[in-house]
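The structure under discussion appears below in the form of structure tokens.
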Amino acid sequence: MRVSVVVADDPKELGEQRFGGKKVLVRADLVEFRVGGEVVRGGGAVTVLAPEVGWKGLLPGQEVVFRARVSAAWRADLTVAVLRAEGPPSAVGVPPWWQRGAGRVRADFALAAQRALPGDAAGLLPGLVIGDTSRLPEQVRENFRETDLAHLTAVSGANITILLGAVVVSMRTLTVDPRVGAVAAGIALLLFVILARPSPSVLRAAVMGAVALLALCTGRRKQALPALCTAIIALLAWSPRLAVDAGFALSVLATAGLIVLAPGWSDRLRAHGWWRVPADAFAVAAAAFVVTTPVVIAITGHLSLVAIVVNVLVEPVIAPITVLGAIGALLACGWAPLGELVLYCTAPPLWWLLTVADHAAALGASITLPTGVRSGVIAAVLCVLVIAGSRTRLGAG
């Protein structure tokens, strides 16, 4: 069958042992397909399983034509089919100019990271800053998965919150008019979305990050919670496929935990003698862990017993890595030596992050549980009891 699709995301490499040779997985949107002499124009999300040759360098927004065999979708989402490509595409369109620009920045960033940092750190940095995990070593990927740090290598609301927070703080330090600061933050957000690819997951992260930043800057949960609800409705109206996206559910839950639970838990810890910084760090990590655990267990059946501690230990280095990495990525496009110098400054915090993940994974402190709705519901009930118990103790205090 001859198929035409528009690439929706960067091709992802797959292991050789699973499919018998180097393959890439490409998310795309169906344009049309030809069966016999009949051309049918269609639509919907598809997953393309293709050989590395001719596919690895594709950019989002390119329309490609190829021959493929059709099979049923693997995932329980709105993907309509899996297309197994029979060789490289026979025709490749030109990507939009902004995607070409983003591709150049991403390539220059990865090259500068390789020159400035050792192997594991060089592969990890683009994943932490812009979600580019194409060069992430498999051992690092496995360590992060084992210790519940995998969320760091995907574009999330945390990335957006850190970058926008850095812009806001910089504008305040320079005593710039707040309206100018808001415009600067908006431009930074737009540039980051383009650089990280404007896919539904990235746009979701941008909205969640903006809501989280609103909560952190205003300190008014009554304003942040309606903003979160509005963002959820708007995102679902724009992209209904997010309704069955696990990443969307995790982002919403984590942001809600930050808004609703973390401030009260931090206050409670400070009342018991904790300093503000460790109290905030522990409260944020604990709130995110509690509210997302039911979904994680239902999907993966994995529960890390050291997730909260590990996230608290690495949290202080995430902001410096993200900010320095973003600055280095931009500088690497104009003057590579200066960009490499900035990226070299991320070596110590990256070493700490990799060391914590490696030692925590070596502990083997994780539990494998049954997947499915039943496990998720049981975990949700337990998490509700934990939250209720913490509120009861808070009220008693």
Cluster overlap [X] with [Y], hydrophobic side-chain contacts below 4.5 Å:
X	Y	value
Y344	L331	no
L152	V309	yes
V65	V26	no
V6	V48	no
V291	I299	yes

Could you tell me which non-hydrogen atom of [X] sits nearest to which non-hydrogen atom of [Y], and how far apart they are?
X	Y	value
A262	A283	O-CB, 3.4 Å
V167	A188	CG2-CB, 3.9 Å
V306	A365	CG1-CB, 3.7 Å
L261	A287	CB-CB, 4.0 Å
T79	A73	O-CB, 3.4 Å
V323	A166	CG2-CB, 4.0 Å

Student check: side-chain heavy atoms of [X] and [Y] closer than 4.5 Å:
X	Y	answer
L125	I321	yes
R106	P126	no
V70	L83	yes
W265	V290	yes
R100	V94	yes
E63	S4	yes
Q114	R135	yes
P60	D10	yes

Next on the checklist: Students often mix this up, so state it plainly: with edges at 30° and 60°, are the rings of F66 and W55 parallel, tilted or perpendicular?
Outcome noted: perpendicular
Next on the checklist: Let's go through T371 and T300 carefully: what are the C-alpha distance in whole Å and the side-chain angles of both, what is the deciding distance for side-chain contact (heavy atoms from CB on, under 4.5 Å) to 0.1 Å, and is it a yes or a no?
Outcome noted: CA-CA 6 Å; T371 59; T300 67; 5.7 Å; no
Item to check | Under the salt bridge (charged side-chain N to carboxylate O under 4.0 Å, His left out) test, residues paired with R27 that sit two or more places apart | outcome: none
Would you check if the side chain of [X] reaches a backbone N or O of [Y] as a donor-acceptor pair within less than 3.5 Å?
X	Y	result
T47	V82	no
R115	A336	no
K56	G54	no
Q62	L59	yes
S266	P263	no
D358	L354	no

Next on the checklist: Go through it in stages, so that I can follow the logic: the residues are F144 and L353, the test is side-chain contact (heavy atoms from CB on, under 4.5 Å), and I'd like the CA-CA distance, side-chain angles, deciding distance and then a yes or no.
Outcome noted: CA-CA 10 Å; F144 274 44; L353 176 57; 3.9 Å; yes
Separation of [Y] [atom2] from [X] [atom1] (nearest 0.5 Å):
X	Y	atom1	atom2	value
L303	S366	CG	OG	8.5 Å
T293	D148	OG1	CG	7.5 Å
W98	L191	CH2	CG	14.0 Å
R2	E86	CZ	CD	12.0 Å
L149	N143	CG	CG	9.5 Å
R104	L195	CZ	CG	12.5 Å

Checklist entry - Of I130, L124, D132, which meets side-chain contact (heavy atoms from CB on, under 4.5 Å) against L128? => result L124
Next on the checklist: How about CH2 on W352, more than 12 heavy atoms from neighbouring residues, nucleotides or ligands closer than 6.0 Å, or not?
Outcome noted: no
Item to check | H272 vs L269, side-chain contact (heavy atoms from CB on, under 4.5 Å): CA-CA, chis, key distance, verdict | outcome: CA-CA 5 Å; H272 280 74; L269 292 173; 5.8 Å; no
Item to check | Residue pairs passing the salt bridge (Lys or Arg N to Asp or Glu O under 4.0 Å) test where at least one lies in residues 282-294, sequence neighbours excluded | outcome: none
Show me the side-chain donor-acceptor pairs of residues 33-45 shorter than 3.5 Å, one per line, residues at least two apart or across chains.
{"residue": "R41", "atom": "NH1", "partner": "E32", "partner atom": "OE1", "Å": "2.9"}

